[in-house]
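A short worksheet on the structure shown next.
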Amino acid sequence: MSRQIVIHPDYSGLRDFITRLPEIFLHEGEYLHDGRNKIKIFDIGGLKVNVKRYRIPIVFNRFVYLYLRKTKAERAYEYALRLQKMGIHTPAPIAYIIEKKGMLLGYSYFVSIQVDCSRRFYEFGRAALTDERRMILKEFGCYTARLHQQNVCHQDYSPGNILFDLKNGMPEFCIVDINRMYFGPVSFKKGCANFARLWGSREMFCIMAAAYAEEHGWNVDRTCHEVLEARKKHWQKVARKREVEFPLEF
């Protein structure tokens, strides 16, 4: 087995930890998520470090990701650098590791700073829409419009990938799990569909859509209709496969 290791110059002092990561990953650190992809938090001399280990892909993709397309870990690292340069908040990238077994991809790892955000968009799934939550949703609609105006579209814009906290009474958003990003012009339909994976009521989506439309200077009713249609299409498809975690109103 061979490994490719890329470390950001600002974090060269973590080289020993990063080099040992594949050996210690399963035995040290604290799980944040234990699924097909595993996420752990490590404390390195008081610095909280987030490590995501991507599962080994199916055989065909093990070849594709090595020779025809960048791995998820490499994309996450490079996209984080790109977003930071644009002033878009995402965890600072530290390193990535790519394991090769013969001619095929093994595990890959993306290492970043653990951000200090206490809230995620999951809280809106069944939540009553208080004045504070309405304000957050309006700000999020504007935030999403500004991302799209910068030719940035997160293609896994789901509640677990949107973190936030209130600072001086206003929400500050942080996007994570960024290996699937689109950089380019975001059309009306693509932009409206970007909200579809979020959990919540029709009213929640209408609040976001109205703010999104106003930030763009678009017709609010048309935008709300398009956002709700995209939401309906997505969640009807999901509901055919599994139980949905929040009440659906179409």
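Using cut-offs of 30° and 60° on the angle between ring planes, the pair Trp199 and Trp235 is perpendicular. By the 30° and 60° cut-offs, the orientation of the rings of His148 relative to Tyr212 is perpendicular.
For Arg36, the CZ atom sits in a loose shell: 12 or fewer heavy atoms of surrounding residues, nucleotides or ligands are nearer than 6.0 Å. In the displayed structure, Asp34 atom CG is contacted under 6.0 Å by more than 12 heavy atoms of other residues, nucleotides or ligands. Annotation: Arg20, atom CZ; neighbour count of heavy atoms from other residues, nucleotides and ligands within 6.0 Å is above 12. Remark: Asp116 CG is loosely packed, at most 12 non-hydrogen atoms of other residues, nucleotides or ligands lying under 6.0 Å away. The number of heavy-atom neighbours closer than 6.0 Å to CD of Glu30, taken from other residues, nucleotides and ligands shown, is 12 or below.
Within the cation-pi definition used here (under 6.0 Å to the ring centroid, within 45° of the axis), Lys40 qualifies as a partner of Phe25. Cation-pi geometry between Lys190 and Tyr182 is satisfied (NZ or CZ under 6.0 Å from the ring centre, within 45° of the ring normal).
The minimum heavy-atom distance between Cys153 and Val186, with the atom names listed, is CB-CG2, 4.0 Å. The shortest non-hydrogen separation linking Tyr143 to Ile175 is OH-CG2, 3.7 Å. Across Tyr54 and Ala76, no two heavy atoms sit closer than the pair OH-CB, 3.8 Å. Across all non-hydrogen atoms, the minimal contact from Arg146 to Glu139 is NH2-O, 4.5 Å. Residues Thr223 and Phe188 approach most closely at OG1-CE1, 3.6 Å, considering heavy atoms. Minimum heavy-atom separation, Val6 to Gln4: CG2-NE2, 4.0 Å.
Taking the side chain as every heavy atom from C-beta outward, Ile56 and Tyr107 approach each other to under 4.5 Å. Within the 4.5 Å cutoff, no side-chain heavy atoms of Asn50 are placed close to those of Pro91. Side chains of Tyr11 and Val49 form no contact here, defined as non-hydrogen atoms less than 4.5 Å apart. Side-chain contact between Val152 and Leu83 is present, with at least one heavy-atom pair separated by less than 4.5 Å. In this structure the side chain of Met170 reaches within 4.5 angstrom of the side chain of Met135, judged on heavy atoms. The closest side-chain heavy-atom distance from Glu226 to Arg222 is not below 4.5 Å.
Note: the hydrophobic cluster containing Leu47 also contains Phe42 (ILVMFWY, side chain heavy atoms under 4.5 Å, direct or indirect links). No continuous path of ILVMFWY side-chain contacts below 4.5 Å connects Tyr77 to Tyr79, so the two sit in separate hydrophobic clusters. Note on Leu26 and Ile18: same hydrophobic cluster, where clusters join Ile, Leu, Val, Met, Phe, Trp and Tyr whose side-chain heavy atoms are under 4.5 Å apart, directly or indirectly.
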Intermediate values then yes/no, side-chain contact (heavy atoms from CB on, under 4.5 Å), Glu229 and His225: CA-CA 6 Å; Glu229 284 299 301; His225 174 77; 3.7 Å; yes

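Partner of Arg119 under the side chain to side chain contact (heavy atoms under 4.5 Å, CB included) criterion, out of Ile162, Ile136, Leu163: Ile136 alone. For the pairing with Phe121, the ring-ring contact (aromatic ring centres under 6.0 Å, His included) check across Phe164, Phe195, Phe246 returns one residue only, Phe164.
Ionic pairing of Asp177 and Lys52 is present here: one or more N-O contacts between side-chain nitrogen and carboxylate oxygen are shorter than 4.0 angstrom. Classification of Arg133 and Glu203 as a salt-bridged pair fails, no side-chain N sitting under 4.0 Å from a carboxylate O.
Rounding to the nearest 0.5 Å places NE2 of His89 at 7.0 Å from CD of Glu172.
Phe140 has its ring centre less than 6.0 Å from the ring centre of Tyr157.
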